[in-house]
Every structure is written in structure tokens, then in C-alpha cells.
Amino acid sequence: LILDGKTGEVPAVTLDKLVRVERQALRLSHLISDLLDLSRIESGRMEMRMAPTSIVDVAATRIEDIRTQADDKEIRLTLEAGDDVPDAVADGERIGQVLTNLLSNAVKFTPHGGSVQTRIRREGSLLSVQVVDTGVGIPPEERTRIFEKFHQVSNVHTRQQGGTGLGLAIARSIVDAHGGRIWVDDGSGSGSDFRFVLPLEPSDTPADHVEAEAS
């Protein structure tokens, strides 16, 4: 309310301090929300509302949600999916949460004028979703740890961007709850290549079988 001028004109020095307070308050709010989500998932108290879901439609909506953030950096967002991509049995809201995390991270760590691509395709009995960016990338030695709780890539750019270090841990928990798998590609080159797969049908398939088929 103060930043919106509801209490009158705010001196420049005070305005700067208030902006910092607001930014830290939002970060704390996100941290609390992430901790609650992770706790619910790990304790089995987060209900997954499984139903036939167009992951392409979910991705398109989440891309539009972050378009303003991307436009500010002139980052090009694209979605590639064939007309024959089937629905998956999934919780659309939770898979949307996974996509939002991957997309917002991609935009956050991609330099001005870069691009973020989302690719969705069928791979046998699985649906594959891929988010590829032209950003700073993830060092090979960090790739096995980035889905751990509170882990953040140890470089100056990452520390400057902030974050809770929980988003990818939550994403992994959600994908695991769907019987799927999420990982970051081990290929070389700049940028990041995150992928996850979901069973197209409700599955009692062992996780190692899903992993083998995905690879």
C-alpha cells in the first residue's frame, strides 16, 4: 500500500528500502509455501487429482504466465508439440507447477535475447517434456545434486538471482508421485536441458522400468 502511494508521497531513500523489504518478504513467502508443499508431498498428504490431461495445454498456459518475465529480457519462448500428442493421466495443476518451475528458472538464468524451448512428444508408453534454454548452464559436477532440497548451483550468478533451493526438489517429488522421472541432460554445451517423462496411463510400473524406457 505504501509503495502504491496510498499513504502519500514516499521519499526516494524510503522507496528503495521498501522495495527491498517487499522483495525479501516475497522470498520468505515463497520459501514457506515451498516448505509446506514439500512436507505435504513427502508425508503423502498432498492429494493428486489424476485425470486425462492435455500436458500441451498445461504447458501453453504456463508459458503465457511467464511471458511478461521473458519479454522483459527479450527472451523468445516457443512450444513444440505434434498434433498427435495424447493426453496423460495426471494432476494438471501439479504438473503445471513443475513446468512453471522449469520455465521460470530457464528465463531467470538465460541472458538477455536468449531463448527457451518447450518440447512435448510421445515416447512409447511415456509422455516426454523437455525445457531447453540458452542460459548459463549447469556444471557437470552439480547435475547429480540439483534436485536435492536447498541445493543451489554454486556460482555468483545463481546467488544473485536468489531462490529457495526447493523448486526442483518439489518438481521431482511431484513427478515421482506420477510414476515418472525427471532429470537434467548430461550433454555438453551451453544452456540447460531439463526433461521429465510421465506414464500415459495410470501405472503400477516400477520406477526402474520407467527410467529404463525413458533413457
Side-chain angles (χ1 to χ4, degrees), residues 23 26-27 30-31 34 37-38 55-56 58-81 94-121 123 126-176 178 180-198 210-215:
R23 184 167 60 244
L26 287 172
R27 185 177 180 185
H30 292 154
L31 174 60
D34 285 350
D37 275 349
L38 196 59
I55 304 302
V56 175
V58 172
T61 298
R62 298 302 174 128
I63 287 170
E64 288 307 310
D65 287 346
I66 69 161
R67 190 167 294 280
T68 299
Q69 178 186 348
D71 287 347
D72 288 342
K73 297 174 67 176
E74 297 185 2
I75 291 174
R76 186 166 62 95
L77 301 175
T78 58
L79 173 60
E80 299 175 12
R94 292 302 171 189
I95 294 302
Q97 188 176 350
V98 174
L99 280 162
T100 294
N101 179 270
L102 297 181
L103 289 164
S104 61
N105 279 349
V107 169
K108 184 187 297 185
F109 297 111
T110 295
H112 191 93
S115 65
V116 176
Q117 295 179 311
T118 304
R119 303 167 186 163
I120 304 175
R121 62 185 181 275
E123 294 182 354
L126 303 174
L127 189 71
S128 170
V129 182
Q130 185 178 13
V131 177
V132 184
D133 64 57
T134 57
V136 297
I138 300 170
E141 65 273 13
E142 300 270 5
R143 291 175 185 158
T144 60
R145 300 191 57 204
I146 56 172
F147 293 100
E148 295 176 4
K149 288 180 284 189
F150 299 109
H151 181 74
Q152 293 180 303
V153 177
S154 55
N155 61 44
V156 173
H157 184 72
T158 301
R159 290 194 295 270
Q160 289 173 342
Q161 293 295 325
T164 65
L166 288 171
L168 289 175
I170 292 171
R172 182 179 64 179
S173 295
I174 291 172
V175 172
D176 286 350
H178 282 75
R181 175 176 172 250
I182 187 170
W183 71 98
V184 61
D185 188 70
D186 290 333
S188 59
S190 61
S192 299
D193 181 353
F194 281 87
R195 308 184 190 198
F196 67 90
V197 292
L198 302 172
V210 171
E211 182 171 348
E213 186 168 348
S215 60

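For clarity, every value in this text was computed on a predicted model and none was experimentally measured.
With rounding to the nearest 0.5 angstrom, the CG atom of Asp133 is 3.5 Å from the OG1 atom of Thr110. Atoms CZ and CD1, on Arg172 and Ile146 in that order, are 10.0 Å from each other to the nearest 0.5 Å. Taking CG of Leu102 as the reference point, atom CZ of Arg62 lies at 11.5 Å (rounded to 0.5 Å). Rounding to the nearest 0.5 Å gives a distance of 12.5 Å between CD1 of Ile55 and OG1 of Thr118. Once rounded to the nearest 0.5 Å, the distance linking CD1 of Ile95 with OG1 of Thr100 reads 11.0 Å. Here the straight-line distance linking atom CG of Asn101 with atom CG of Asn105 works out to 4.5 Å at 0.5 Å rounding.
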Can Leu168 and Val184 be said to form a side-chain contact (heavy atoms from CB on, under 4.5 Å), step by step? CA-CA 11 Å; Leu168 289 175; Val184 61; over 6 Å; no
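Listed by chain and number, the residues in a side-chain hydrogen bond (donor to acceptor under 3.5 Å, both in side chains) with Ser115 amount to none (sequence neighbours excluded). Under the side chain to side chain contact (heavy atoms under 4.5 Å, CB included) criterion, Asp193 pairs with Gln130, Val132, Asp185, Arg195, sequence neighbours left out. Glu64 pairs by the side chain to side chain contact (heavy atoms under 4.5 Å, CB included) definition with Arg67, not counting sequence neighbours. Remark: Val175 pairs with Val98, Ile182, Phe196, Leu198 by the side chain to side chain contact (heavy atoms under 4.5 Å, CB included) rule, at least two apart or across chains. Annotation: side chain to side chain contact (heavy atoms under 4.5 Å, CB included) contacts of Thr78 (sequence neighbours excluded): Arg76, Gln117. Judged as a salt bridge (charged side-chain N to carboxylate O under 4.0 Å, His left out), and not counting sequence neighbours, the contacts of Glu80 are Arg119.
Without hydrogens or angle criteria, Lys73 side chain to Gly114 main chain gives no donor-acceptor distance under 3.5 Å.
Across every non-hydrogen atom of Gly135 and Pro111, the tightest pair is CA-CD, 3.7 Å. Nearest heavy-atom pair, Ser192 versus Gly137, reported as atom, atom and distance to 0.1 Å: OG-CA, 3.6 Å. Closest non-hydrogen pair, Ile75 versus Gly113, comes out as CG1-N, 4.4 Å.
Using a 4.5 Å heavy-atom cutoff, the side chains of Leu79 and Ile120 are in contact. Side-chain contact between Ile138 and Phe194 is present, with at least one heavy-atom pair separated by less than 4.5 Å.
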